[in-house]
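What you see is a predicted model; the values in this text were computed from it and never measured. Ligands are counted one by one from 1 in listed order, and the atoms in each one are counted from 1 as well.
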Amino acid sequence: MIIVHPLVVIGDRICRNPYYVAPEQYLSPDWPRHEANWMMTNLEKLQQSQDSLRVSQERYRSLSRRLLEQQEHERSALARELHDQLGQSLVAISLNLEAIEDELSPSSRARVPESTQIIRKMIEQVRTLAFELRPSILDEFGLVEALRDLVTRHGQRAGGRVSFTAAPTDARAPVEIGTACFRIVQEAQTNVARHARARHVEITLTAQDIALEVTVKDDGDGFDVEQLRTGLGLIGMSERAELVGGSVDIESVPGAGTTVRARFPLPSPQGVAGTDQ
Ligand SMILES: Nc1ncnc2c1ncn2[C@@H]1O[C@H](COP(=O)(O)OP(=O)(O)OP(=O)(O)O)[C@@H](O)[C@H]1O
Ligand SMILES: [Mg+2]
């Protein structure tokens with residue numbers, strides 16, 4: 001038997017006493033009126049707590065949204081600086097080296113190819129860093145091209161077989177959804193490289209009338225989704241998606257790979273075709 005209310009024993013009577021009030025009060029003739037008042041007061045308090053919880057959640061969401069927007073903005077500025085300043089300066093050094101090569105003594109000239117090689121590597125690193133901070137391709141050519149570029153770069157680094165398909169191939173989404181989608185794929189791919197030991201990764205983007213869906217599926221080690229995780233990546237994915245009205249679902253089986261699926265609502269079919277990414 002399950003007893004859900006505390007009991008009070010008064011003389012030979014056993015009563016239910018859900019409110020923990022003194023027995024005399026509970027048994028007095030005007031208790032029903034008290035009880036009604038008491039319940040009304042508590043319901044009002046409950047309503048007030050729920051209202052203030054809703055307000056706090058709304059504030060938290062709008063703060064998170066602003067923080068993410070600010071972060072994207074700063075990343076964008078940093079990426080531009082890296083590309084335009086550091087990148088261009090390195091190119092200039094490389095050209096200068098080539099220009100003076102013939103004037104150098106034979107022993108100094110022998111060091112030019114190695115130096116040029118180092119500078120080329122630095123230029124490549126600066127470009128990769130700038131791309132990861134904020135791919136200008138996302139703003140200029142949209143989500144599909146940005147994802148294609150991300151997948152290619154990542155595939156080159158990770159070494160596994162990575163495929164990308166988009167349907168339709170010119171799928172577009174509002175800026176904030178495109179950014180969230182891009183960052184989620186970026187984190188999912190990083191996770192594959194760091195944790196999965198996968199041989200094959202499939203990335204798919206599908207846009208229908210009212211929803212955009214992206215999946216990152218690997219055939220790697222998998223993990224137990226229910227177990228407590230310490231990283232911030234998976235939490236960040238869900239938060240990013242939720243802030244633009246979407247959601248992330250992770251399916252993983254130890255030994256049988258992982259699928260990360262993010263879904264975003266699109267404003268309207270016209271909105272999809274006419275927006276920025
Ligand atoms: N594709 C995957 N294959 C196998 N395990 C994964 C995969 N993605 C995530 N995991 C597991 O889930 C854990 C949590 O991932 P999460 O991205 O949140 O954190 P992290 O990658 O460890 O650290 P970070 O905060 O830098 O992202 C990982 O440590 C890993 O054990
Ligand atoms: Mg991670």
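Residue-level contacts of ligand 1 at the 4.0 Å heavy-atom threshold are E187, N191, R194, H195, A196, D218, G222, F223, R229, G231, L232, G233, L234, T258.
Rounding to the nearest 0.5 Å gives a distance of 11.0 Å between OG of S76 and CD of E81. Taken to the nearest 0.5 Å, the CG atom of L232 stands 9.0 Å off from the CD atom of E239.
Under 4.0 Å is where a charged nitrogen must lie from a carboxylate oxygen, and between E145 and R148 at least one such pair does. With respect to R240 and E72, a salt bridge is recorded, a charged nitrogen being found less than 4.0 Å from a carboxylate O. Ion pairing between E132 and R153 fails under the 4.0 Å rule for side-chain N and carboxylate O.
Checking E44 against Q48 by side-chain atom types alone, no donor-acceptor pair falls below 3.5 Å. Judged purely by distance below 3.5 Å, without hydrogens or angles, the side chains of Q57 and R54 never pair a donor atom with an acceptor atom.
Screening D219, I250, V192 for a side-chain contact (heavy atoms from CB on, under 4.5 Å) involving T258 leaves a single residue, I250.
There is no path of hydrophobic side-chain contacts, each under 4.5 Å, that joins L138 to L78.
For the Mg ion (ligand 2), the set of protein N/O/S atoms nearer than 2.8 Å consists of E187 OE2, N191 OD1, ordered by chain and number.
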